[in-house]
Chemist: 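Here you go, one structure.
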Number of protein chains: 2
Amino acid sequence: MADPPLSRETLLPRLAAHVLEHGLAGASLRPLARAAGTSDRMLIYHFGSKDGLVTALLEHVAGMYASALEMAYPTEPAASRRDCAQRLLAIGRAPMFASFLRLWWEIVAGAATGDAAFRASAAAMMDSQLAWFEAHLPPDDPDPKAGARLVALAVEGALMMDAIGLGEVGEAGLAALEG
Amino acid sequence: MADPPLSRETLLPRLAAHVLEHGLAGASLRPLARAAGTSDRMLIYHFGSKDGLVTALLEHVAGMYASALEMAYPTEPAASRRDCAQRLLAIGRAPMFASFLRLWWEIVAGAATGDAAFRASAAAMMDSQLAWFEAHLPPDDPDPKAGARLVALAVEGALMMDAIGLGEVGEAGLAALEG
DNA sequence: CGCGCTATGTAGCAAGTGCTACAGATAGTC
DNA sequence: GACTATCTGTAGCACTTGCTACATAGCGCG
């Protein structure tokens, strides 16, 4: 299958794919290496340590997420904040984001412990999302920045409800947004 | 020191305390046992397996959370949904909830993978919270159930922002709530 | 007393963890 | 060709993981 250099850069996408599928919590060197077509030995060689690998991986995932957002749905403008939030929830629920979301909650949990790498990745992903949300607000929104923040809280809250199996609570909550 | 029977029931509070302090992800039998004053051998004896222990522990934590909420602040009624959300965020930020929140995001991450025990615990905790939120809405709220859901989305979103180090985003978002 | 039940300690196992020491291969440079 | 720097495979180490086999204590009951 043509195995060229296998540097950090060629490795990262495969590692990210594995982590998106199997989660970050239980990811250990040997399975990761197998998925990427190398050995644990080489992962340490390229990334210095597992911590280094995880940090690089989190950065990479944040980048992937940003481009996934960029590619996703430049739909016509929403009619209201509520309408906007409901559409964004629907997009977030699309299959292409499912594995991102599973990983997202792991990253949030890691960030909650204070880990710097997790925080950086989470903040980067959230920044992308806030900008993207802002771009999807109704064009006549009185305060797009604040509006995007409110919509982000509500949509993230609803996605969390999805994660814990209470999707309808999220829907009901969004429906109660002003607009 | 009085070390009476040491049954499941006497063990669970100590195990919960350890998990609240050190997290659930890296919790392994031997440290847990040490913290609870037993051996890994006895944990397996009482709970059957680690899965059994985690399940019991999650149930117990959900119960603890419910009583923590019950004890917390029966403040005077809020003036609006926004006011309510801002107060509840302040309460959620209080030190006594910090370790609960760290654990909460771990539970959400576990639930996001589809694990039944994590989902059950998360749903139980969220149900307590929704009821509690509903009780704190302004008494003239037109639709308390929907209002509580909206407030829950926003507050949980804001707490998530806290977890990833973007607390001001949460504050700005809540400030944009109608009210 | 003796029997059986529950509770507990000691040792250990097979698997997996991150990481390292050592050796070799390859390739580019003088 | 000799030397050096980059890359990679093989083995292994010390440790942790969940869990088990075995033995033993204690206690209630006939």
Side-chain angles (χ1 to χ4, degrees), chain A residues 1-16 18-19 21-61 103 106-107 109-110 113 115-118 121, chain B residues 1-16 18-19 21-61 103 106-107 109-110 113 115-118 121:
Chain A
M1 284 292 172
D3 31 344
L6 276 204
S7 60
R8 283 170 69 103
E9 282 64 35
T10 44
L11 249 17
L12 277 173
R14 310 194 200 184
L15 296 172
H18 181 264
V19 158
E21 192 175 354
H22 297 92
L24 185 50
S28 49
L29 290 180
R30 272 165 263 241
L32 276 172
R34 230 173 295 132
T38 344
S39 62
D40 55 332
R41 169 71 181 70
M42 289 313 293
L43 290 184
I44 297 286
Y45 176 74
H46 284 301
F47 298 97
S49 67
K50 193 190 176 182
D51 266 17
L53 191 160
V54 170
T55 303
L57 202 39
L58 287 174
E59 259 178 62
H60 184 79
V61 168
L103 189 53
E106 281 197 59
I107 294 176
T113 72
D115 182 291
F118 281 78
S121 176
Chain B
M1 286 295 161
D3 32 345
L6 275 204
S7 60
R8 282 170 69 105
E9 283 62 37
T10 42
L11 249 16
L12 277 172
R14 310 196 201 181
L15 296 171
H18 181 264
V19 157
E21 190 175 356
H22 297 92
L24 185 49
S28 47
L29 291 180
R30 269 165 264 244
L32 277 171
R34 230 174 294 132
T38 345
S39 61
D40 55 331
R41 169 69 180 72
M42 288 314 291
L43 290 185
I44 298 286
Y45 176 75
H46 284 301
F47 298 96
S49 68
K50 193 189 177 183
D51 266 18
L53 191 161
V54 170
T55 304
L57 202 39
L58 288 173
E59 258 177 63
H60 185 79
V61 168
L103 189 53
E106 282 196 59
I107 294 175
T113 72
D115 183 291
F118 282 79
S121 176

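We name chains A, B, ... by the order of the sequence lines, and we start the count at 1 in each one.
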Chemist: Could you give the CZ-to-C1' distance, from A:Arg30 to D:dC15, as a whole number of Å?
Modeler: 12 Å
Chemist: Determine the contact category for A:Thr38: base if any of its heavy atoms lies under 4.0 Å from a base atom, sugar-phosphate if only primed atoms, P, OP1 or OP2 are that close, otherwise nothing.
Modeler: nothing
Chemist: Please report the distance, rounded to the nearest Å, between CD1 in B:Ile44 and P in D:dA21.
Modeler: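 From B:Ile44 CD1 to D:dA21 P: 13 Å.
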Chemist: Between C:dC19, C:dG9, D:dC19, which nucleotide has the shortest distance from any of its atoms to the side chain of B:Met42?
Modeler: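 Ranking C:dC19, C:dG9, D:dC19 by closest atom to the B:Met42 side chain puts C:dG9 first.
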Chemist: Between D:dC13 atom P and A:Asp40 atom CG, what is the distance in whole Å?
Modeler: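 Taking CG of A:Asp40 and P of D:dC13, I get 16 Å after rounding.
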Chemist: How many Å lie between OH on A:Tyr45 and C1' on C:dA23, as a whole number?
Modeler: 15 Å
Chemist: For the pair made of CZ in B:Arg41 and P in D:dT24, what is the distance, rounded to whole Å?
Modeler: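 Going from CZ in B:Arg41 over to P in D:dT24 covers 15 Å.
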Chemist: Atom CG of B:Leu29 and atom C1' of D:dG18: how far apart are they, to the nearest Å?
Modeler: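 The distance from CG of B:Leu29 to C1' of D:dG18 comes to 6 Å, rounded to the nearest Å.
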Chemist: Considering all heavy atoms of both residues, which atom of A:Arg14 and which atom of A:Ala35 are nearest to each other, and what is their separation?
Modeler: CB-O, 4.4 Å
Chemist: Any side-chain to backbone donor/acceptor pair from B:Glu106 onto B:Ala25? Under 3.5 Å, distance only.
Modeler: yes
Chemist: For the pair made of CG in B:Leu43 and P in C:dT8, what is the distance, rounded to whole Å?
Modeler: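 From B:Leu43 CG to C:dT8 P: 11 Å.
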Chemist: Is there a side-chain contact between A:Ser39 and the phosphate of D:dG9, meaning an N or O under 4.0 Å from OP1 or OP2?
Modeler: yes
Chemist: Counting only side-chain N and O atoms of A:His46, is one of them less than 4.0 Å from OP1 or OP2 of D:dT8?
Modeler: yes
Chemist: When you compare the side chain of B:Val54 with that of B:Phe118, does any pair of heavy atoms fall below 4.5 Å?
Modeler: yes
Chemist: In whole Å, what is the span from the CG atom of B:Leu11 to the P atom of C:dA7?
Modeler: 12 Å
Chemist: With side-chain contact (heavy atoms from CB on, under 4.5 Å) as the criterion, how do B:Leu29 and B:Phe47 come out once you've worked through the C-alpha distance, each side chain's angles and the decisive distance to 0.1 Å?
Modeler: CA-CA 11 Å; B:Leu29 291 180; B:Phe47 298 96; over 6 Å; no
